[in-house]
S.K.: 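Quick one: the structure is below, questions incoming.
Scope of the values below: all heavy atoms of this structure, side chains included, with no hydrogens, waters or symmetry mates.
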Amino acid sequence: MNEETTPVKVNILRVIDGAMQSAKHRLEALLVDYHRDMIKLSQAEYTALLEFRGAAATLELLFDDYFAQVEEHGVDTLYLPGPEFRLVLDLSKTVETSFRSSIAHTGIWAH
């Protein structure tokens, strides 16, 4: 193992993916509601919503690639380069923050 990589168990990625999918669907629903003029958002709320949704979409793309690699190679651990591992952590934290954020006087936990 190269010291510049970080081993990550696939089952951990699947847990993160499950939580991210839930957030992604709720964030998407808020965006649809906003674009249909069903809810009003301040510019700050709209920007935050786009950032949260962008983080979830990026994680989804990364995880789709990771899970394809896992199936192709039949492994249970991936070795991510340091910067990529940090990106996954940062994106995961951003999506997790969306659960605690209030958008349009509600949170995605209630939408």
S.K.: Is L91 linked to L89 within one hydrophobic cluster, defined over Ile, Leu, Val, Met, Phe, Trp and Tyr using a side-chain heavy-atom separation of less than 4.5 Å?
M.R.: yes
S.K.: Who passes side-chain contact (heavy atoms from CB on, under 4.5 Å) against L50, sequence neighbours left out?
M.R.: L31, Y46
S.K.: When hydrophobic residues are tied together by side-chain contacts of less than 4.5 Å, even through go-betweens, does F85 share a cluster with I12?
M.R.: yes
S.K.: Only pairs at least two apart or in different chains count here, so list each side-chain hydrogen bond (donor to acceptor under 3.5 Å, both in side chains) that has a residue in residues 86-96.
M.R.: E96-R100
S.K.: Mind checking what makes side-chain hydrogen bond (donor to acceptor under 3.5 Å, both in side chains) contact with D76, not counting sequence neighbours?
M.R.: none
S.K.: Mind listing the side-chain donor-acceptor pairs of residues 53-61 below 3.5 Å, one per line with the distance, residues two or more places apart or on another chain?
M.R.:
{"unit_1": "R53", "atom_1": "NE", "unit_2": "E28", "atom_2": "OE1", "d": "2.8"}
{"unit_1": "R53", "atom_1": "NH2", "unit_2": "E28", "atom_2": "OE1", "d": "3.3"}
{"unit_1": "T58", "atom_1": "OG1", "unit_2": "G54", "atom_2": "O", "d": "2.9"}
{"unit_1": "E60", "atom_1": "OE2", "unit_2": "Q21", "atom_2": "NE2", "d": "3.3"}
{"unit_1": "E60", "atom_1": "OE2", "unit_2": "K24", "atom_2": "NZ", "d": "3.2"}

S.K.: With clusters defined by side-chain heavy atoms of hydrophobic residues (ILVMFWY) lying less than 4.5 Å apart, directly or transitively, does V88 cluster with V15?
M.R.: no
S.K.: With Y34, which residues qualify under side-chain hydrogen bond (donor to acceptor under 3.5 Å, both in side chains), at least two apart?
M.R.: none
S.K.: Could you list the donor-acceptor pairs under 3.5 angstrom formed by side chains in residues 62-75, with sequence neighbours left out?
M.R.:
{"unit_1": "D65", "atom_1": "OD2", "unit_2": "Q69", "atom_2": "NE2", "d": "2.9"}
{"unit_1": "Y66", "atom_1": "OH", "unit_2": "E84", "atom_2": "OE2", "d": "2.5"}

S.K.: Does the S22 side chain pair with the main chain of A19, one donor and one acceptor, at a distance under 3.5 Å?
M.R.: no
S.K.: In Å and rounded to the nearest 0.5 Å, what is the CG to OG1 distance from N11 to T77?
M.R.: 8.0 Å
S.K.: Rounded to the nearest 0.5 Å, what separates atom CD1 in I103 from atom CG in L49?
M.R.: 4.5 Å
